Enquirer: 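This is the structure I want to talk about, given as structure tokens.
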Amino acid sequence: LSDYVRLLLSSEEETTQFIGALSINVTDFFRDVGAFEALSEKVIRPVLRSKGASGGIVRIWSAGCATGQELYTIAMCLEEELKRSENRENIMGSVTGGDLSKKALAFARRGVYSGEQVKNIPLRLLKEYFVERDGTYEVGDVLRRRVRLVNENLLDEPQSRFFDAVVCRNVLIYFSRPMHDQVVMNLHRSLRPNGYLMLGRTESLVGTPRLHFDLVDAENRIFRKKG
């Protein structure tokens, strides 16, 4: 064991492989479609309205984005809501995807998925936002312009702040209670006042972190940072 620890300390490649082995990369496009309907209705639309006629930038963080399926799902939801917005000409939108695994991020950055992987994407959205090539589907330019990818550890201080919304679904369940609380407070610090936090349906806020948020949607685990 001590020999392997020394190897981890001396080899960036081995460290990367080790982190990749530990990371949980189970994800799908529109995983739990009702949750993304709620994201559009109860998060993105209110954020767009809050920008007013003067417009601004809508910033969303997909925390623990793994191989990108949820990241690009959020980007599609944002793009669709921007189309409906009366102020769309004055509003810019961006989605930041972060993950600990560099291997997963490389996959997300490549943005090429199999037919099986895209099966949950509605056909209209698939045709509009992806390019089919030899039985695979590549993320198109519209979504690529919306997203950026960063390597990050949720236990560290957030690299960016003043997000309008953070989506961190099915990630916290893998943390111990102290680490869970630490991550939640980091997410809290990354949000602007009155920003939204969305968790997975099997996750919840408890203890001290819960005191910093108001509940918006219990079923879909949507919370709002207290202003």
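For clarity, every value in this text was computed on a predicted model and none was experimentally measured.
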Enquirer: Could you state whether L78 and V166 fall into the same hydrophobic cluster, counting links through intermediate Ile, Leu, Val, Met, Phe, Trp or Tyr residues with side-chain heavy atoms under 4.5 angstrom apart?
Expert: no

Enquirer: Between Y72 and F30 (judged by ring centroids, cut-off 6.0 Å), do the two rings come close enough to count as a pair?
Expert: no

Enquirer: Does the side chain of R192 reach to within under 4.5 Å of the side chain of V47, using non-hydrogen atoms?
Expert: yes

Enquirer: Give the intermediate values and the outcome of side chain to side chain contact (heavy atoms under 4.5 Å, CB included) for residues Q159 and W61.
Expert: CA-CA 11 Å; Q159 297 180 26; W61 178 18; over 6 Å; no

Enquirer: Does I222 reach the side chain of L197, with side-chain heavy atoms less than 4.5 Å apart?
Expert: no

Enquirer: Determine, step by step, whether T136 and E138 satisfy the side-chain hydrogen bond (donor to acceptor under 3.5 Å, both in side chains) criterion, reporting the C-alpha distance in whole Å, the side-chain angles of both residues, the deciding distance to 0.1 Å, and the verdict.
Expert: CA-CA 7 Å; T136 63; E138 182 176 350; over 6 Å; no

Enquirer: Between the side chains of E157 and R189, is the shortest nitrogen-to-carboxylate-oxygen separation below 4.0 Å, so that they form an ion pair?
Expert: yes

Enquirer: Looking at E203 and V171, would you say the former's side chain and the latter's main chain have a donor-acceptor pair under 3.5 Å?
Expert: yes

Enquirer: Counting only heavy atoms not in R110 (residues, nucleotides, ligands), do more than 12 fall under 6.0 Å from its CZ?
Expert: no

Enquirer: What is the distance from atom CG of L48 to atom OG of S85, rounded to the nearest 0.5 Å?
Expert: 5.0 Å

Enquirer: Closest heavy-atom contact between D99 and N151?
Expert: O-ND2, 3.0 Å

Enquirer: Hey, which of F163, F223, Y196, F213 is the one that makes ring-ring contact (aromatic ring centres under 6.0 Å, His included) with H188?
Expert: F213

Enquirer: Taking all atoms of both residues into account, what is the closest heavy-atom pair of G98 and L105, and its distance?
Expert: C-CD2, 4.4 Å

Enquirer: Has E86 got more than 12 heavy atoms of other residues, nucleotides or ligands less than 6.0 Å from its CD?
Expert: no

Enquirer: Looking at every heavy atom in both V216 and R224, which two are closest together, and how far apart are they?
Expert: CG2-CB, 3.7 Å

Enquirer: Examine distances only and state if a side-chain atom of D181 and a backbone atom of P209 form a donor-acceptor pair shorter than 3.5 Å.
Expert: no

Enquirer: Can a donor-acceptor pair be found, under 3.5 Å and without considering hydrogens, that links the side chain of K225 to the backbone of S190?
Expert: no

Enquirer: Determine, using ring centers only, whether F130 and F29 are less than 6.0 Å apart.
Expert: yes

Enquirer: Could you state the interatomic distance from CG (N220) to CG (L199), rounded to the nearest 0.5 Å?
Expert: 11.0 Å

Enquirer: Any chance you could measure S40, atom OG, to E81, atom CD, to the nearest 0.5 Å?
Expert: 4.5 Å

Enquirer: Does any part of the side chain of R177, heavy atoms only, come nearer than 4.5 Å to the side chain of V206, both counted from C-beta?
Expert: yes

Enquirer: What is the minimum heavy-atom distance between R59 and S160, and which atoms define it?
Expert: NH2-CB, 3.8 Å

Enquirer: CG of L172 to CG of L187: how many Å apart, nearest 0.5 Å?
Expert: 6.5 Å

Enquirer: Looking only at non-hydrogen atoms, find the nearest pair between H180 and F175 and report the distance.
Expert: N-CB, 3.8 Å

Enquirer: Side-chain heavy atoms under 4.5 angstrom apart, residues restricted to Ile, Leu, Val, Met, Phe, Trp, Tyr: same cluster for L126 and V131?
Expert: no

Enquirer: Are R210 and L215 packed together at the side-chain level, in the sense that at least one heavy-atom pair is separated by less than 4.5 angstrom?
Expert: yes

Enquirer: Tell me, yes or no, whether the heavy-atom count around M92 atom CE, taken from other residues, nucleotides or ligands under 6.0 Å, exceeds 12.
Expert: no

Enquirer: For a side chain to side chain contact (heavy atoms under 4.5 Å, CB included) check, start with the C-alpha distance between C77 and V43, then their side-chain angles and the critical distance, and finish with the verdict.
Expert: CA-CA 11 Å; C77 291; V43 177; over 6 Å; no

Enquirer: Closer than 3.5 angstrom, by distance alone: can the side chain of R144 be matched with the main-chain N or O of R109 as a donor-acceptor pair?
Expert: yes

Enquirer: With side chain to side chain contact (heavy atoms under 4.5 Å, CB included) as the criterion, how do N170 and T202 come out once you've worked through the C-alpha distance, each side chain's angles and the decisive distance to 0.1 Å?
Expert: CA-CA 7 Å; N170 307 307; T202 61; 4.0 Å; yes

Enquirer: Do L155 and V184 belong together in a cluster built from hydrophobic side chains that touch within less than 4.5 Å?
Expert: yes

Enquirer: List the atom of L71, the atom of C65, and the distance in Å for their closest heavy-atom pair.
Expert: CB-CB, 4.2 Å

Enquirer: Taking the side chain as every heavy atom from C-beta outward, state whether K51 and D164 have any atom pair closer than 4.5 Å.
Expert: yes

Enquirer: Evaluate the side chain to side chain contact (heavy atoms under 4.5 Å, CB included) criterion for residues N120 and V33: first the C-alpha distance (whole Å), next the side-chain angles of each, then the deciding distance (0.1 Å), finally the verdict.
Expert: CA-CA 9 Å; N120 291 336; V33 65; over 6 Å; no

Enquirer: Does atom NZ of K119 have more than 12 heavy-atom neighbours from other groups under 6.0 Å away?
Expert: no

Enquirer: Identify whether V183 and I60 are in the same connected component of the hydrophobic contact network (ILVMFWY, side-chain heavy atoms under 4.5 Å).
Expert: no

Enquirer: Can you tell me how far OG1 of T27 sits from CD of E70, rounded to the nearest 0.5 angstrom?
Expert: 5.5 Å

Enquirer: Are the side chain of R146 and the backbone of G93 linked by a donor-acceptor contact shorter than 3.5 Å?
Expert: yes

Enquirer: Which value, rounded to the nearest 0.5 Å, describes the distance between R221 atom CZ and L205 atom CG?
Expert: 9.0 Å

Enquirer: Are any of the side-chain heavy atoms of E79 and V142 separated by less than 4.5 Å?
Expert: yes

Enquirer: Is L125 close to E80 at the side-chain level, that is, under 4.5 Å between some pair of heavy atoms?
Expert: yes

Enquirer: With a 4.5 Å cut-off on side-chain heavy-atom distances among I, L, V, M, F, W and Y, is there a chain of contacts connecting I44 to V167?
Expert: yes

